[in-house]
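Note that the structure is predicted; figures quoted are calculated from it, not measured. Excluded from the calculations below are hydrogen atoms, water molecules and symmetry mates; all remaining heavy atoms, backbone and side chain alike, are included.
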Amino acid sequence: MRKLTYFVACSIDGFIGDPSGDASSMFAFLDEEFLEFLKTEYPETISAEGRNLLGLNDLENQRFDTVIQGSGSYRLALDAGIASPYGHLREYVASRTLTESPDPNVTLVSGDVVAAVRELKAEESERGIWLCGGSQIAGELLDEVDELVIKTYPQVYGSGMPMFGAGFSVTDFTLESVRVFDNGVLVRTYSRKR
């Protein structure tokens with residue numbers, strides 16, 4: 001069974017974006033040390049546009065072959081004119097509003113997202129599934145998340161989009177590792193207690 005990993009950036013107070021979903025202030029922490037970490041440990045999480053800008057088109061996927069995100073996260077790419085933000089992966093977008101995929105690489109999930117993820121997890125593959133965000137889809141998929149990789153940036157938002165847009169539900173995870181970067185970013189990895 002493949003793992004679903006919620007690899008997400010958040011503020012110290014647990015927000016993945018401001019009230020409108022914007023998290024662009026976190027890009028200020030993309031220094032040489034942190035970029036090297038992403039390139040070697042999580043290269044597939046660097047968008048196709050980011051790869052082009054940084055000259056990193058030769059990066060090979062290490063952990064994931066599939067990405068799933070909500071329509072709010074995907075809308076940020078569409079608004080920037082990017083229909084396939086992670087073209088180096090199989091892309092799934094959970095959306096009740098999009099009726100037609102704007103790109104052949106993007107599969108829309110308009111029905112039961114939990115059932116769709118369970119089907120993806122049951123596939124034979126050495127690589128896992130990356131839950132890219134956002135808040136609402138993470139809340140819907142909380143019971144399916146096997147691993148959390150939380151990139152905490154040294155910022156306080158005060159309010160905004162929480163990591164999980166869901167009702168109150170205590171879910172236990174075990175801390176596996178912590179990595180601290182010179183720029184103040186902290187990356188924590190947790191596995192789900194089953």
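Here F181 contributes atom CZ and F37 contributes atom CZ; the two are 4.5 Å apart, rounded to the nearest 0.5 Å. L148 CG to T174 OG1: the interatomic distance, rounded to the nearest 0.5 Å, is 11.0 Å. Taking CG from L120 and CE from M1, the interatomic distance works out to 11.5 Å, rounded to the nearest 0.5 Å. Separation of atoms OG (S110) and CZ (R96) is listed at 9.0 Å; rounding is to 0.5 Å. Here the CG-OG1 distance, from L131 to T66, works out to 12.5 Å after rounding to the nearest 0.5 Å. We find the CE-SG distance between M161 and C10 to be 13.5 Å, quoted to the nearest 0.5 Å.
Closest non-hydrogen pair, A83 versus D103, comes out as O-CB, 3.6 Å. Across Q136 and G165, no two heavy atoms sit closer than the pair OE1-O, 3.6 Å. Nearest heavy atoms, G17 versus A23: CA-CB, 4.1 Å. Minimum heavy-atom separation, G139 to A166: CA-CB, 3.7 Å.
The main-chain N or O of G134 is found under 3.5 Å from a side-chain atom of S73 such that the two form a donor-acceptor pair. Between the side chain of K39 and the backbone N or O of L56 there is no donor-acceptor pair closer than 3.5 Å. Between the side chain of R63 and the backbone N or O of Y42 there is no donor-acceptor pair closer than 3.5 Å. With hydrogens and angles ignored, the 3.5 Å screen pairs a side-chain donor or acceptor of S135 with a backbone N or O of P162. In terms of modelled atom types and a separation under 3.5 Å, the side chain of E140 and the main chain of V114 share no donor-acceptor contact. No donor-acceptor pair under 3.5 Å is formed between the side chain of Q62 and the backbone N or O of E44. Formation of a donor-acceptor pair under 3.5 Å by the N183 side chain with backbone atoms of F29 is found in this model. Side-chain N or O atoms of N105 include one that pairs as donor or acceptor with a backbone N or O of L89 at under 3.5 Å. The closest donor-acceptor contact from the side chain of D13 to the backbone of G158 lies under 3.5 Å. Here the side chain of S125 pairs a donor or acceptor atom with the backbone of R127 at under 3.5 angstrom.
Side-chain atoms of P85 and Q69, non-hydrogen and from C-beta on, do get closer than 4.5 Å to each other. V185 places none of its side-chain heavy atoms less than 4.5 Å from the side chain of D31.
The aromatic ring centroids of W130 and Y86 lie less than 6.0 Å from each other. Side-chain rings of F164 and Y6 approach one another, their centers coming within less than 6.0 Å.
By the 6.0 Å contact criterion, CG on D182 is open, its count of non-hydrogen atoms from other residues, nucleotides or ligands being 12 or less. Surrounding NZ of K3 are at most 12 heavy atoms belonging to other residues, nucleotides or ligands under 6.0 Å away. Within a 6.0 Å radius of CZ in R179, other residues, nucleotides and ligands contribute more than 12 heavy atoms.
No path of Ile, Leu, Val, Met, Phe, Trp and Tyr side chains, each step under 4.5 Å between heavy atoms, connects L186 with V149, placing them in separate hydrophobic clusters. No continuous path of hydrophobic side-chain contacts links L98 to Y92 [ILVMFWY only; heavy atoms under 4.5 Å]. Grouping the Ile, Leu, Val, Met, Phe, Trp and Tyr side chains by contacts below 4.5 angstrom, directly or via other members, places I82 apart from V106.
Defined by atom type and a distance below 3.5 Å, a donor-acceptor pair is present between the side-chain atoms of T152 and R188. Between the side chains of T189 and E176, no donor-acceptor pair of N or O atoms lies under 3.5 Å. A donor-acceptor pair shorter than 3.5 Å cannot be found between the side chains of D22 and S20. Counting only N and O atoms by type, the side chains of S25 and Y153 include no donor and acceptor under 3.5 Å apart.
R192 has a carboxylate O that lies under 4.0 Å from a charged side-chain N of D143, or vice versa, which qualifies the two as a salt bridge. Ion pair R90/E123 flagged as a salt bridge, since at least one NZ, NE, NH1 or NH2 atom sits closer than 4.0 Å to an Asp/Glu carboxylate oxygen. The existence of a salt bridge linking R2 and D146 is excluded, since no basic side-chain nitrogen approaches an acidic carboxylate oxygen closer than 4.0 Å. Checked for salt-bridge contact, E144 and R118 meet the test: a charged N lies under 4.0 Å from a carboxylate O. No salt bridge links K151 with E41; every basic N to acidic carboxylate O contact stays at or beyond 4.0 Å.
Below 30°, between 30° and 60°, or above 60°: for Y157 and F15 the angle between ring planes is below 30°, a parallel geometry.
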